[in-house]
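First comes the structure, then the notes that go with it.
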Amino acid sequence: MQVLTKRYPKNCLLTVMDRYSAEVHNMEQVVMIPSLLRDVQLSRHEGRAQAEAPDLYTYFTMLKAICVDVEHGLLPREEWQAKVAGGEAEEAENGTAETEEVEDESASGELELEAQFHLHFSSLHHILMHLTKKAQEVTRKYQEMTGQVW
């Protein structure tokens, strides 16, 4: 298991990000054959697993992709839009919406940046903690499947 090398306060976003990164790297080291995770539900009650619930392989790939963003930063906005949208028509629509949004912001006056910061900060903190737990669950479930439980 990867050990945290930096010391920050317990609820610091950097601590949460480091913990998430460490758990994802641990998950990658433990899961030697990711294809075994296909069609396996994360739910504790496997008999009642929902049909539309993502399988462990989906969680595995999502957690790895998010970790890349956490460690290396975001793609430039244009590259991200192209990656997600996959089409120029949607990008044009987004550009129009952005222009309208900027006009609305300038018309409404100064934004409450501190309030927005706290909202997004707490949301990011919560999401990273949740994703860290998901990485731990994927690792634990893989270990159970392969008989590696200690």
Side-chain angles (χ1 to χ4, degrees), residues 1-99 101-102 111 113-150:
M1 178 172 193
Q2 188 170 347
V3 178
L4 297 176
T5 57
K6 301 173 190 167
R7 294 288 179 212
Y8 301 109
K10 182 181 178 184
N11 288 325
C12 176
L13 183 59
L14 297 173
T15 301
V16 175
M17 291 169 67
D18 283 348
R19 196 175 306 131
Y20 172 71
S21 180
E23 285 298 331
V24 170
H25 288 294
N26 182 52
M27 177 186 72
E28 289 178 299
Q29 290 175 353
V30 169
V31 178
M32 300 303 288
I33 307 171
S35 61
L36 289 177
L37 301 172
R38 290 192 189 275
D39 300 325
V40 177
Q41 298 298 315
L42 190 60
S43 173
R44 299 190 198 296
H45 308 287
E46 294 186 34
R48 299 184 310 186
Q50 299 174 3
E52 67 274 355
D55 62 4
L56 290 179
Y57 184 79
T58 303
Y59 278 116
F60 179 80
T61 55
M62 174 194 65
L63 292 164
K64 282 179 45 176
I66 292 171
C67 191
V68 170
D69 289 342
V70 168
E71 292 177 345
H72 300 288
L74 295 174
L75 289 173
R77 186 178 188 111
E78 296 81 24
E79 289 181 37
W80 181 81
Q81 287 175 336
K83 181 180 177 183
V84 172
E88 293 178 18
E90 291 183 39
E91 287 181 29
E93 291 174 14
N94 290 340
T96 304
E98 288 174 19
T99 305
E101 185 178 307
V102 170
L111 297 174
L113 294 177
E114 186 177 2
Q116 286 184 0
F117 170 78
H118 286 290
L119 172 68
H120 292 293
F121 182 83
S122 64
S123 296
L124 180 59
H125 190 277
H126 174 75
I127 289 168
L128 283 170
M129 290 180 63
H130 182 73
L131 291 173
T132 300
K133 290 178 184 174
K134 288 293 181 194
Q136 291 168 341
E137 290 176 22
V138 169
T139 302
R140 180 191 50 76
K141 187 71 170 181
Y142 181 84
Q143 288 174 327
E144 287 176 5
M145 291 171 47
T146 58
Q148 300 176 20
V149 178
W150 297 295

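Numbering starts at 1 and runs along the sequence shown.
Heavy-atom minimum distance, Pro34 versus Tyr57: O-CD1, 3.3 Å. A pairwise comparison of heavy atoms in Gln41 and Lys141 identifies O-CE, 3.9 Å as the closest pair.
For the pair Tyr142 (side chain) and Ile33 (backbone), a donor-acceptor distance under 3.5 Å is present. Here the side chain of Thr15 pairs a donor or acceptor atom with the backbone of Pro9 at under 3.5 angstrom.
Between Thr132 and Glu23, the side chains place no donor N or O within less than 3.5 Å of an acceptor N or O (distance only, hydrogens not considered).
Atom-to-atom distance recorded for Cys67:SG and Met62:CE is 12.0 Å, nearest 0.5 angstrom. With values rounded to the nearest 0.5 angstrom, Ile66 atom CD1 is found 12.0 Å from Lys134 atom NZ. Atoms CZ and CG, from Arg19 and Leu131 in turn, are 13.5 Å apart once rounded to the nearest 0.5 Å.
In this structure, the side chains of His25 and Glu71 come closer than 4.5 Å at one or more pairs of heavy atoms. A 4.5 Å side-chain heavy-atom check between Leu113 and Phe117 finds every atom pair outside the cut-off. Annotation: side chain of Leu63 is in contact with side chain of Tyr20 (closest heavy-atom distance under 4.5 Å).
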Worksheet item: side chain to side chain contact (heavy atoms under 4.5 Å, CB included) between Asn26 and Gln136: does it pass, once the steps are laid out?
Response: CA-CA 9 Å; Asn26 182 52; Gln136 291 168 341; over 6 Å; no
Practice prompt. Go through the steps for Lys133 and Glu137 under the test salt bridge (charged side-chain N to carboxylate O under 4.0 Å, His left out), then give the verdict.
Written response: CA-CA 6 Å; Lys133 290 178 184 174; Glu137 290 176 22; over 6 Å; no
Report, one line per pair, each donor and acceptor closer than 3.5 Å where one atom sits in a side chain of residues 119-130; sequence neighbours left out.
{"unit_1": "Ser122", "atom_1": "OG", "unit_2": "His118", "atom_2": "O", "d": "3.0"}
{"unit_1": "Ser122", "atom_1": "OG", "unit_2": "Leu119", "atom_2": "O", "d": "3.0"}
{"unit_1": "Ser123", "atom_1": "OG", "unit_2": "Leu119", "atom_2": "O", "d": "2.9"}
{"unit_1": "His125", "atom_1": "NE2", "unit_2": "Asn11", "atom_2": "O", "d": "3.2"}

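For Thr58, the side chain to side chain donor-acceptor pair (under 3.5 Å) test picks out Asp55, with sequence neighbours left out.
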